[in-house]
Amino acid sequence: MPAFARTPPTLARALLLGCRAGLLVFLALYTLCALLNMQLGYQGNESGVVTEYVWNTWRSVVLWQVARLIGAYCVVGLVLGALLGAGLWAAERSRRAVFWLSGLGCLVVEGFLVAADMARHPHLYAATLYARSEVTAAVLRGLSGTQPSGWTLAALVLPVLSVLAVVGRWLSESPRWRGVLGGVTAAAAVAGFTGLGLTRTAGGAEARGPARPNLLILASDGLRPDHLSGNGYPRATSPNIDQLMGEGTRFNDTVVQVPRTAPSWTTLLTSQYAGEHPVVHTLVGREAREEKLTTLATALGAQGYRTAVVADYAGDHFSRFPYGFQVVSAPDFRFPDLVRQRMLITHVALLPWTALAPGLFEERSEFPELTDPAPLRTRVRHVLDGMPENAPFALVVFASSTHFPYAAPWPQEGQYVEHGYRGPWRFGATPRMEVDPDAPATTPEDVAALAANYDAAVRTFDGLVGNVRADLERRGRWDDTLVVLLSDHGEHLEDEGLGQGHGDHLWGSVGLRIPFVVRLPGQVASGREVTQRARSLDVAPTVLDLMGVPAPESFRGRSLASLARPGSEPKPLPDVPALIETDVWFSDRDGQPYQTVRMPYPWLYEIAMVEGDTGEIALKPEWEGPVRRARHRGVYLGRWKLLELPTPDGVRVQLFDTVADPSELRDVAGDHPNVVATLRAKLAAELPDGTGEVRGALGP
């Protein structure tokens, strides 16, 4: 070994050696992650068609993301390597030792930091690692449930020791640094105590609420009312929501029209059926996205309310459609963003570092596999801080915790999964676009694991409900706020043999029903349960009525406020039709039961396009008509549920008695031909034709 290699380096040389070692380590990690994950997909649905299209059409996006990723790896490697190199210089290690130990230290810090992020958000890593090998799957299972802070502290040991070593050497070599360090320490202590005092002073002040009630809508994508413990579910999934239901009025049977997020939320806000409003399905084009809407938000804004919406992953429609909110804090859902997401999620070695600087990779906050509500709560606080004290506010908070893949963070993650379960749904699941012929058959243990992940997600959202409540209570604005609990649709969890997800069919009840709870002391009865069927169409008129704000003339729904006001038990209102219909079918090869009773059209990769100037994903114009004609449609009225299922051989009709058969499992159309005829006529009269007009007759 040359003598110079055994000689302790200067500080500048040690920094250079550390940077070189860190750079080599992190470039090697980038190469490994890139080589192991060449296929692009979305939520586990990988496709060579998509990969080829992305490379051919969006090559500039791919190359720019590659540059960003390499740049991030380089920065992390250089900074961490330099820090460790400085610490080894302070320890007077040789040049060779500085280089090799800096590289080894980078790997150690990286390993512990990845372990911490895996323990906190294992679903984020399951997308890449769980199905890769038994070794990586075992690592994820082993880290799940462990304390993330323990791994984080372990990751900090070497960097902290390096800083202490450098400070110690400087102090030993230059006494004047001691005075400087003491002064800095004293200043930090004074600043800390001063800040604590300011924080306490600010926290003790209560803002006086406006005379008119505020509005707070708390919602989570795909939240099933039958999985709330306050509705009799055996797991304690929702203590905060249960308290809310006990203090207000709950509507036990609320039905949505289209059980997909964008059209359902548009109906909730406009009080119009899809077809009367332009968002007739998930993949509408530019014209529909730009059409002016009269909504709950515009009605309240006209009355002087400050309106805002805060949403995470699944709330992209709030930024894409003109709902009229004055403040919108919601993600985008453009194709280039999806490309960047999918490229980032494969870089396991970089993911924990992006959490330290989320502004550099904003696509991290839009991962479906990362629906931790903590960042959402931070944004809610920020929006509330910006609300004027002399005007009431109307705030919608929309979480994605209960959307697939049901990615609850630590400590809720995995708490309900059966110990020892090693199946494919240990970290949730996403509906598949294609059937894997080699996949084993679904087992009861798999279904139980899916429900367990979903229940952990419910508990996660419930925690957000409690946190937002605590924030408003501290501000003195909880009891003068109309609080509404909602969802946009239900969720199928393979529990009734009806597949996963939502929007593909109308069988059963769990995909179509949502929670609907209202609370406002003095204006809403506490502890009341309304059994009469409500519609998503009725939500906005009911909310406005309870707030004393007139509903716009365009609203088609009716107010149910009389059923929620304090006093004696109200008389039920007359039954009215509740229309239901499916959304776009994304696949023609997913193997689900609805595929046997549908009009055929190709899967998403053939019927959708990406707008070149906006990056929006929309249905090709030539498929608008076939998709609308092929949809399943139906109506609830009284005790009956009627379905019309267009097929190549004609329309198949089904009828269910929701009183005698609440699970809607037995078709009784043959037993009640008169009921079928009456309901088909009612459906024909009520169903919009997609142009804003109401049809007069059914037709393919």
Side-chain angles (χ1 to χ4, degrees), residues 253-260 263-264 266-268 270-281 288 293-294 503 505-507 509 512-513 532-542 551-560 572-583 597-599 624-647 650-659 664 667-700:
D253 185 8
T254 305
V255 177
V256 301
Q257 180 201 5
V258 182
R260 285 258 173 87
S264 186
T266 309
T267 292
L268 283 164
T270 64
S271 186
Q272 291 183 326
Y273 283 124
E276 297 170 332
H277 65 68
V279 188
V280 293
H281 54 69
L293 301 171
T294 300
H505 63 79
L506 305 175
W507 293 317
S509 60
L512 296 164
R513 282 175 170 76
Q532 180 168 9
R533 183 178 297 117
R535 306 168 298 175
S536 56
L537 204 68
D538 303 325
V539 168
T542 302
E553 292 182 1
S554 60
F555 279 20
R556 276 205 61 193
R558 61 179 180 176
S559 171
L560 307 177
L573 301 174
D575 286 329
V576 290
L579 303 188
I580 52 177
E581 64 179 81
T582 53
D583 195 62
V597 282
R598 57 162 283 192
M599 297 289 289
E624 286 285 354
V627 164
R628 288 290 288 163
R629 289 191 294 270
R631 74 197 187 282
H632 294 172
R633 61 256 181 174
V635 61
Y636 279 101
L637 184 60
R639 69 186 297 155
W640 303 107
K641 174 186 180 180
L642 175 91
L643 297 182
E644 291 186 342
L645 317 177
T647 74
V651 177
R652 181 179 299 186
V653 179
Q654 296 179 336
L655 182 70
F656 302 92
D657 184 339
T658 64
V659 175
E664 303 173 5
D667 177 12
V668 295
D671 300 333
H672 303 279
N674 292 336
V675 174
V676 169
T678 299
L679 291 181
R680 293 197 73 185
K682 179 66 70 173
L683 178 60
E686 293 285 334
L687 192 65
D689 67 359
T691 64
E693 301 295 331
V694 177
R695 296 194 323 172
L698 285 169

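When a residue number appears, it is its place in the shown sequence, counting from 1.
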(request) Starting at NE2 of His277, measure out to OG1 of Thr266 and round the result to the nearest 0.5 Å. (result) 5.0 Å
(request) Give the minimum heavy-atom separation between Gly557 and Ser271, together with the two atoms involved. (result) N-OG, 2.8 Å
(request) Just jot down the salt bridge (charged side-chain N to carboxylate O under 4.0 Å, His left out) partners of Arg535, sequence neighbours excluded, or say none. (result) Asp538
(message) If I compare all heavy atoms of Asp583 with all of Pro263, which pair ends up nearest, and what's the gap?
(response) OD1-CG, 3.8 Å
(message) Keeping Arg598 on the side-chain end and Leu645 on the backbone end, is there a donor-acceptor pair under 3.5 Å?
(response) no
(request) Nearest 0.5 Å please: distance from the OG1 atom of Thr254 over to the CD atom of Gln532. (result) 10.5 Å
(message) When you measure from the side chain of Glu276 to the backbone of Pro688, do you find a donor-acceptor pair of N or O atoms at a distance under 3.5 Å?
(response) no
(message) If the condition is salt bridge (charged side-chain N to carboxylate O under 4.0 Å, His left out), which residues does Arg513 pass it with, not counting sequence neighbours?
(response) Asp253, Glu664
(message) Show the nearest heavy-atom pair for residues Ser264 and Val258, with the distance to one decimal.
(response) CB-O, 3.3 Å
(request) Please lay out, stage by stage, how Arg556 and Glu686 fare under the test salt bridge (charged side-chain N to carboxylate O under 4.0 Å, His left out). (result) CA-CA 11 Å; Arg556 276 205 61 193; Glu686 293 285 334; 3.1 Å; yes
(request) Could you grab the distance from atom CG of Leu506 to atom OH of Tyr636, nearest 0.5 Å is fine? (result) 8.5 Å
(request) Identify the two heavy atoms, one from Phe555 and one from Ala540, that lie closest to each other, and give their separation to 0.1 Å. (result) CE2-CB, 3.6 Å
(request) Apply the salt bridge (Lys or Arg N to Asp or Glu O under 4.0 Å) test between Glu581 and each candidate in Arg260, Arg631, Arg633; give the one that qualifies. (result) Arg631
(message) Checking Thr294 now: which residues fulfil side-chain hydrogen bond (donor to acceptor under 3.5 Å, both in side chains) with it, not counting sequence neighbours?
(response) none
(request) Report the distance from atom CZ of Arg629 to atom CD of Glu624, rounding to the nearest 0.5 Å. (result) 11.0 Å
(request) Output all residues satisfying ring pair (Phe, Tyr, Trp, His ring centres under 6.0 Å) with His505, sequence neighbours left out; order by chain, then residue number. (result) His492, Trp507
(request) Give a yes or no on whether the backbone of Ala677 and the side-chain of Arg680 come within a donor-acceptor separation of less than 3.5 Å. (result) no
(request) Provide the closest heavy-atom pair for Ala669 versus Val676 in the form atom of the first, atom of the second, distance. (result) O-CG2, 3.8 Å
(message) Check whether Ser536 reaches the backbone of Leu268 with its side chain - one donor and one acceptor, N or O, closer than 3.5 Å.
(response) no
(request) Could you tell me the separation between the CZ atom of Arg533 and the OG1 atom of Thr658, rounded to the nearest 0.5 Å? (result) 5.0 Å
(message) Evaluate Val668 against Trp640 for side-chain contact (heavy atoms from CB on, under 4.5 Å), listing each step before the verdict.
(response) CA-CA 10 Å; Val668 295; Trp640 303 107; 4.1 Å; yes
(request) Just jot down the side-chain hydrogen bond (donor to acceptor under 3.5 Å, both in side chains) partners of Thr582, sequence neighbours excluded, or say none. (result) none
(message) Tell me every residue that passes side-chain hydrogen bond (donor to acceptor under 3.5 Å, both in side chains) with Gln272, counting only those two or more places apart in sequence or in another chain.
(response) none
(message) Tell me if a side-chain donor or acceptor on Gln257 pairs with a main-chain N or O of Leu537 at a distance below 3.5 Å.
(response) no
(request) Could you check if a side-chain atom of Pro278 sits within less than 4.5 angstrom of a side-chain atom of Leu293, using non-hydrogen atoms only? (result) yes
(request) Identify the heavy atoms of Ala274 and Thr267 that sit nearest to each other, and give their distance. (result) N-OG1, 3.8 Å
(request) First locate atom CG of Leu683, then atom CG of Leu637, and finally report the distance between them rounded to the nearest 0.5 Å. (result) 11.0 Å
(message) Within the structure provided, determine whether Lys641 and Leu512 are in side-chain contact (heavy-atom separation under 4.5 Å).
(response) yes
